[in-house]
Amino acid sequence: MASVLSRLALCATTLLLIPALYASEPDTAAAEPANQTLLERGRYVAQLGDCIACHTAPQGALMAGGLQLKTPMGTIYSSNITPDPETGIGRYSFEQFDSAMREGVSADGTQLYPAMPYPSYAKMSETDMRALYAYLMQDVAPISQPNQAADMSWPFNMRWGLALWNWAFLDNQPFEPDPNRDPLINRGAYLVQGLGHCGACHTPRGIAFQEKAMSDAGSSGKHFLAGETVEHWRALSLRNLWTVPDTVELLKTGQNRFATVSGNMADVIHHSTQHFSDADLTAIASYLKSLPPSDDDLPMPAVALTPAAPAADLFSSRGGLGYTQFCSDCHRPDGGGVPGMFPPLAGNPSIASSDPTSLLHITLTGWETAQTATHLRVYTMPGFARLSDQEIAEILSFVRSRWGNDSAAVTAQQVRRLRGQLNPQTTDSSAFETPRLADLLAATNADQVIRGMRLHLQTKALLPDNVGNALNCTSCHLNAGTVADGSPFVGVSAFFPGYAPRAGKVITLEERINGCFRRSMNGTPLAPQSADMQAMVAYFEWMKNNTQPGDKVAGRGVGKIDPAIKPDLANGEQVYAKQCAVCHGANGEGLARADGSLVFPPLWGEQSFNIGAGMARTYTAAAFVKRNMPIGFHERFPLGQGGLSDQEAVDVAAWFSQQPRPDFPDKVKDWPNGGKPVDARY
């Protein structure tokens, strides 16, 4: 549920480090080879104009076009702008190139659709235009790839009408600095209004789909960058945007203390804005900050909300329980997120926006962070299209009205409408039926089963006398035992009383639970008849549903992994450093907040599971890792987990399962009737 500033949103917004900001240079003959300085400058201008993000299709050749852009009038495909003479722009003269960029007219006289933001590019200086032309013609590899014809409905497929549109709305004059403004603000205005074409997404559109304002000047200037909905994303108002350092950080890294970009804006950050000079980023941010706030979207908060206590109804409302199950592991019970990984929801602009389109889009289709030099690792959130419209509405209404957020509820009708427009595809084909914690409220013993669920989720906090380390039941039984192959609780109670090889006898469910307290949490047993033990058992019984002892439950346990795979400990150490340490610590200590509270559990040391735990077995741990770790790594519902190969899973499991951890004195009593697994720790 990350923040989204939208596609082409702040796209490409800066020029180059040159002393004269807007002056033209002597004409450079395009036919002559350009010097390296000019080519480097042109490359930077191309980054400012976000050419790669728009003119490169997914897995396509650089600048060869083919990227799909959906509009209310039909679908347009970006064009090939490589110097290929037949399918690209290789035969364009500078004058023809300039005409296409400023007036939307191609070399053969075809009118271009203003999805190509030539009304903004018209503000470019001749210096920048010539540098860009030299770069595209001489430093980009020619690719032979024919352009795809636009699929526009009538009458928009009749391009002659675009000449009338240009007559009514196009101003092809270059940018003129305001002598009454600071040069820094002028610089920012030039970049935002021109190459950056931020208004293409963030400025409201008129009846002819024209931008209501191309700058902040004049009576229409109040509309400039005031927010618009584009391709089912809400491009928020950029006026009076945060503080200057916050905006610079977002454009440079894809994240700041308020938000994390998502959707196609992640491509913009990756290909474009992260490459801007600090001076240009500061100019952009200063200009945006100088604009008075708009009426449609509230100005961005100047101070990020600090993590607060979890909402009072976190466990007593359907929205709160839905959030607990599907969102809190990444975004945390208090909405504070995890810095550098998962964005906070408290004070998040996409959460608080008056228009929840972006929030709905992310929830239905998923999310990923921008890959930048600062944040090389990409984190993902899977789409939650498997949830019903009502469930999504409940969860999103909850987050929009908690932790200082004060926005209107989301309705099931809104979710249904956008679902129909997006037609999101679910990538998880598991037959596992995920129990819904929100349905606990309908149980006849609701108070008891909710207490039982919380005891699994908050074991250390609620039972400090019984837990001897930093773990909770949910550390292994993900999302309070509701995740397929994450050792879910579904149907487990149907198998008790049952024979336990370690004990060498038939044991009760209460005895099995106490085995976890002793073996996994290095603690002490809970009295079998205590209210808390009976609440835990009641939660298991609720999870049982209609399961019978002989039933095979899809997704139960952690799956299997081939024990013939031999671990490579050296590679396991490398896999751990690359994939695991960010959450579980370089030395297995876990990830803690500044106040010492744990976000993700330790994997070895005195606060982790002891040698009597099932996760101390190499191949059990490998099976768990294979299916569930890392989280935020793929599109798999509900945690975006998995992604390692079988060999990697075995290697890293062997590495961390054999690290130092607490002993288990009763180990001498285990396996009295034989059958000890070959990978048992003792």
Side-chain angles (χ1 to χ4, degrees), residues 1-3 255-260 262 301 303-317 319-352 359 362-363 367-369 375 377 379-382 384 394-405 437-438 453-462 470-483 486 582-585 589-602 628-633 638-641:
M1 294 175 204
S3 166
Q255 305 177 26
N256 66 15
R257 57 188 172 138
F258 302 103
T260 300
S262 186
V303 179
L305 295 175
T306 56
D313 60 346
L314 184 64
F315 302 116
S316 60
S317 65
L321 286 168
Y323 176 83
T324 295
Q325 180 172 6
F326 296 113
C327 314
S328 67
D329 206 53
C330 295
H331 298 289
R332 313 313 298 159
D334 58 12
V338 182
M341 298 185 203
F342 308 117
L345 304 187
N348 187 305
S350 282
I351 300 293
L359 179 60
I362 295 168
T363 305
W367 158 91
E368 67 177 25
T369 58
H375 300 288
R377 183 165 181 162
Y379 291 94
T380 66
M381 179 183 113
F384 284 85
E394 290 166 352
I395 294 170
L396 298 188
S397 295
F398 177 84
V399 301
R400 279 168 61 83
S401 58
R402 303 300 188 278
W403 316 302
N405 296 328
L437 296 185
M453 182 275 295
R454 292 186 61 184
L455 287 165
H456 286 91
L457 196 68
Q458 304 169 296
T459 324
K460 174 71 172 179
L462 299 180
L471 300 188
N472 300 296
C473 297
T474 199
S475 300
C476 295
H477 304 274
L478 302 180
N479 287 12
T482 65
V483 176
V582 67
C583 290
H584 295 288
E589 71 276 16
L591 179 66
R593 280 181 163 177
D595 62 3
S597 61
L598 276 174
V599 177
F600 299 119
N628 296 293
M629 295 293 129
I631 64 169
F633 193 69
L639 291 171
Q641 69 270 35

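Heavy atoms only: backbone and side chains are in, while hydrogens, waters and symmetry mates are out.
- At distances below 3.5 Å, not a single donor-acceptor pair connects side-chain atoms of N479 with backbone N or O atoms of T482.
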key: Full working for salt bridge (Lys or Arg N to Asp or Glu O under 4.0 Å) between D334 and R593   = CA-CA 12 Å; D334 58 12; R593 280 181 163 177; 2.5 Å; yes

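- Between C327 and I395 the shortest heavy-atom distance is SG-CG2, 3.8 Å.
- Residues L639 and N628 form no side-chain contact, since every pair of their non-hydrogen atoms from C-beta on lies 4.5 Å or further apart.
- Listed here is the closest heavy atom pair of C583 and F600: O-CB, 3.4 Å.
- For the side chain to side chain contact (heavy atoms under 4.5 Å, CB included) with S317, the lone residue among L314, L321, D313 that qualifies is D313.
- Although no hydrogens or angles enter the test, the distance criterion places a donor-acceptor pair under 3.5 Å between the side chain of H584 and the main chain of P601.
- Neither side chain, T474 nor N472, offers a donor N or O lying under 3.5 Å from an acceptor on the other.
- Scanning both residues, V483 and P638, for their nearest heavy atoms gives CG2-CG, 4.0 Å.
- Atom CE of M453 is separated from atom SG of C473 by 12.5 Å, given to the nearest 0.5 angstrom.
- Nearest approach of W403 to A311, heavy atoms of both residues: NE1-N, 4.0 Å.
- Side-chain N or O atoms of S475 include none that pairs as donor or acceptor with a backbone N or O of L471 at under 3.5 Å.
- Of all heavy-atom pairs between G347 and N405, the closest is N-OD1, 3.0 Å.
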task = Evaluate the criterion side chain to side chain contact (heavy atoms under 4.5 Å, CB included) for residue pair Y323 and H331; output intermediate values, then yes/no.
result = CA-CA 9 Å; Y323 176 83; H331 298 289; 3.4 Å; yes

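- One N or O on the side chain of T459 and one on the backbone of H456 form a donor-acceptor pair closer than 3.5 Å.
- Using the six-membered ring where Trp is involved, F384 and F326 have ring planes that are perpendicular, over 60° apart on the 30 and 60° scheme.
- At least one donor-acceptor pair under 3.5 Å links the side chain of T324 to the backbone N or O of G320.
- Checked by atom type and distance alone, the side chain of N348 never pairs as donor or acceptor with a backbone atom of P343 at under 3.5 Å.
- Not a single donor-acceptor pair under 3.5 Å links the side chain of T260 to the backbone N or O of Q255.
- Closest of all the heavy-atom pairs between L359 and S350 is CB-O, 3.8 Å.
- The side chain to side chain contact (heavy atoms under 4.5 Å, CB included) check on C330 picks up F342, I631, with sequence neighbours excluded.
- Partners of R454 under the side-chain hydrogen bond (donor to acceptor under 3.5 Å, both in side chains) rule, at least two apart in sequence or in another chain, are Q458.
- With hydrogens and angles ignored, the 3.5 Å screen pairs a side-chain donor or acceptor of T369 with a backbone N or O of Y379.
- With a 4.5 Å cut-off on side-chain heavy atoms, Q325 and S328 do not count as touching.
- With hydrogens and angles disregarded, a donor-acceptor distance shorter than 3.5 Å links the side chain of R400 to the backbone of I351.
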